[in-house]
S.K.: 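Have a look at this one.
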Amino acid sequence: MLDPKLIRDNPEKIREVLKARALDFPLDDFIKSDKERRELIIKTDELRKTKNQISIEIARKKKSNEDAAGLIGQMQSVSQELQRLEETQVKAEDTYKKLSLTLPNLIHESVPVGKDETANKEIKKWGNMPAFDFKILDHIDLTQNLGLVDLERAAKVSGARFYYLKSQLVRLNQALIQSALDFLSEKNYTPIQPPYMINRNSMEGAIIAEDFEDVIYKVEGEDLYLIGTSEHAIASMHGDEIIEGKSLPLRYAGVSPCFRKEAGAHGRDQKGIFRVHQFDKVEQFVFSRPEESWGEHERMLSLVEEFYQKIGIPYRIMLLSSGDTGKVSAKTYDLEAWMAGQNSYREVTSCSNCLEFQARRLKIRFRDRTDEQPQYLHTLNSTLVATTRTMVAILENFQTKDGHVSIPRVLQKYIGSSTI
RNA sequence: GCGGGGGUCGCCUAGCCUGGUAGGGCGUGGGAUUGCUAAUCCCAUGUCCGUAAGGACCCGUGGGUUCAAAUCCCACUCCCCGCGCCA
């Protein structure tokens, strides 16, 4: 959600954002509904004022035993009129709210303008791609040969894009989670294991409406949705709160499974564990002062880099173009890990500054003194590690001639072994 | 799941029975007074509309009754206590 004043005073700026994002949005309708809504507020407020005045007068007359019948009759007609007016006002408010929830976030000036991922900008490369003197396998063959993933039975039990992890891959999964938590704890993040199901209101605070359809699973018969990432549950954690300024920034290390429909990804990455309905993730989530959020954003990215460097996975950092940036984010960096078996860089993490977009939707504010006007804070999120994709990178980059996989040194102590 | 108690302004609390402008304390900021400190007093401290003056809204949420609802009625929700069931 954007500042309504910004939209009112500066509609051209919003129009530019929509154009940069290559999005259709009925901005004129929205501005009109805002105007209608405000006009109705003025009218109903006025009527309420009259009502309050008469009410006070009735109370006074009753106290002094005077006849109030005339005033009561007056109140009846005012109340009726008000009720009628309120109905149209509620409708106007509804239209306005629905539209305001679908309007995307602003775009930062440093974001390259472009309609899709082809306009993304590579801003950094790290690491040397592994050289192999044998014919390498992709993670699908590797996991099949080594008995680390059972896709067939998962398909039988749950459907496509599910998997059973087995043996050492279960350990590798846990090792990644544990090492990521250790890593962020050292950086003074507070570990958070959130609820895996949250209600509609919380979900609406964190994402934009159409994402419900494409990514979010709904629990039948309950006001509950499976989180697509711990971000969804952590963003809403401080909803409706006014946070003490001195406790900012709040840095959380969220750990949770993530559930995603992956609708619209038909045919892409159909096999293996690269694109799946369920995976584990350790996430950075930060609540920050507005003036500090861009610094936090860079800091989060640097932590992601440090983590992948420690494991030893070559990567590149992409700055997403305006058209490829998610609707709640104003600027997003992706880390794309080198995956030898696919001979390409593939997205494994995503680091976004959402400015006050989520904070407004969820009413998360802060202030330094209790006599101050509370103001919206900024929220940021970044994957530290999404286990399935990182495991794909490890399997493919660290495979050995004998068909096994050597485990990156920093992870060995968590697994108790140096090879799979 | 059953029974009981509860949810009031950033925090604490009064008001609810008996309907008529939500009061007090704490904290925080500003001001007054004071030789300094302390104490005391005054003002400010939720949301929306409005350039402003001002006004409306706010008592967990949603309905209802009423001229009028924090207050009465209904439903839901969350928290606490007890019982039951359970990894």
Side-chain angles (χ1 to χ4, degrees), chain A residues 1-10 30-101 193-205 219 221-225 233 236-248 250 257 287 289 356 358-377:
Chain A
M1 195 181 292
L2 298 176
D3 185 350
K5 287 196 185 74
L6 177 74
I7 303 167
R8 248 173 256 158
D9 300 343
N10 224 333
F30 181 61
I31 291 168
K32 200 175 134 214
S33 84
D34 181 37
K35 192 162 171 253
E36 276 173 9
R37 163 187 157 264
R38 285 183 296 148
E39 282 167 2
L40 280 163
I41 286 173
I42 292 171
K43 276 192 201 158
T44 50
D45 275 7
E46 208 119 294
L47 215 50
R48 286 202 191 97
K49 184 184 173 184
T50 320
K51 199 179 138 186
N52 288 343
Q53 284 169 343
I54 302 173
S55 183
I56 288 166
E57 194 54 21
I58 292 173
R60 196 191 57 75
K61 286 208 173 190
K62 289 239 166 179
K63 248 180 215 158
S64 55
N65 278 322
E66 290 174 60
D67 177 38
L71 284 174
I72 287 175
Q74 217 178 322
M75 268 287 263
Q76 274 166 333
S77 63
V78 173
S79 282
Q80 270 172 23
E81 200 189 335
L82 182 61
Q83 203 168 3
R84 244 182 339 100
L85 208 54
E86 270 174 346
E87 272 166 37
T88 54
Q89 198 217 325
V90 165
K91 267 187 212 146
E93 206 74 53
D94 224 51
T95 320
Y96 172 80
K97 202 190 156 198
K98 276 208 186 94
L99 281 171
S100 78
L101 284 176
Q193 191 170 332
Y196 302 159
M197 293 176 251
I198 63 178
N199 62 32
R200 171 125 201 151
N201 187 53
S202 302
M203 195 59 97
E204 269 179 347
V219 179
E222 308 267 350
D223 178 25
L224 286 173
Y225 298 80
S236 35
M237 187 174 151
H238 291 294
D240 285 316
E241 290 183 22
I242 298 174
I243 291 166
E244 272 188 79
K246 66 173 186 241
S247 62
L248 296 177
L250 287 169
F287 296 88
R289 288 170 181 278
E356 56 176 44
Q358 291 177 324
R360 262 185 193 279
R361 291 172 157 234
L362 293 161
K363 290 200 181 65
I364 312 172
R365 293 167 296 168
F366 77 98
R367 63 180 166 196
D368 292 302
R369 303 192 316 257
T370 52
D371 70 318
E372 263 184 0
Q373 188 85 339
Q375 59 172 314
Y376 291 105
L377 45 70

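Not measured: the values here are computed from a predicted model. All chains are named by letter (A, B, ...) in the order of the sequence lines, taking the proteins before the strands, and each is independently numbered beginning at 1.
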S.K.: Between atom CD1 in A:Ile42 and atom C1' in B:rC48, what is the gap in whole Å?
M.R.: 11 Å
S.K.: So, are A:Arg48 and A:Asp45 salt-bridged, with charged N and O less than 4.0 Å apart?
M.R.: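 Salt bridge flag = yes for A:Asp45 with A:Arg48.
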S.K.: Ignoring backbone atoms, establish whether A:Ser55 has a side-chain N or O less than 4.0 Å from OP1 or OP2 of B:rU21.
M.R.: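 No.
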S.K.: What's the closest nucleotide to the A:Arg367 side chain, out of B:rC67, B:rG46, B:rG50?
M.R.: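 Closest of the options to the side chain of A:Arg367: B:rG46.
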S.K.: Kindly assign one of parallel, tilted or perpendicular to the pair A:Phe30 and A:Tyr96, based on the angle between their ring planes and the thresholds 30° and 60°.
M.R.: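 Ring orientation, 0 to 90° scale: parallel.
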S.K.: B:rA68, OP1 or OP2 - any side-chain N/O from A:Asn52 closer than 4.0 Å?
M.R.: no
S.K.: Could you identify the nucleotide paired to B:rG84, looking across every strand shown and requiring Watson-Crick or G-U wobble geometry with both distances under 3.5 Å?
M.R.: none
S.K.: I'd like to know if A:Asp34 pairs up with A:Arg37 as an ion pair, taking the criterion as any Lys NZ or Arg NE/NH1/NH2 lying under 4.0 Å from an Asp or Glu carboxylate oxygen.
M.R.: yes
S.K.: Looking at A:Arg37, does any N or O in its side chain come under 4.0 Å of the phosphate oxygens OP1/OP2 on B:rC49?
M.R.: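 The answer is yes; a side-chain N or O of A:Arg37 sits under 4.0 Å from OP1 or OP2.
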S.K.: Tell me which nucleotide among B:rG55, B:rC67, B:rC49 gets nearest to the side chain of A:Met75.
M.R.: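 For A:Met75, the side-chain atoms sit closest to B:rC67.
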S.K.: Could you tell me how far apart A:Lys49 (NZ) and B:rU21 (P) are, to the nearest whole angstrom?
M.R.: 19 Å
S.K.: Is there a side-chain contact between A:Arg48 and the phosphate of B:rU21, meaning an N or O under 4.0 Å from OP1 or OP2?
M.R.: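 So the side-chain polar atoms of A:Arg48 never come under 4.0 Å of the phosphate oxygens OP1 or OP2 of B:rU21.
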S.K.: Measure the shortest side-chain to side-chain distance between A:Glu36 and A:Thr95 over non-hydrogen atoms and say whether it is less than 4.5 angstrom.
M.R.: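 No, every pair of side-chain atoms sits at 4.5 Å or beyond.
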S.K.: Just to be sure I understand the rule, does A:Arg360 reach a base, reach only the sugar-phosphate, or reach nothing, if contact means heavy atoms closer than 4.0 Å?
M.R.: nothing
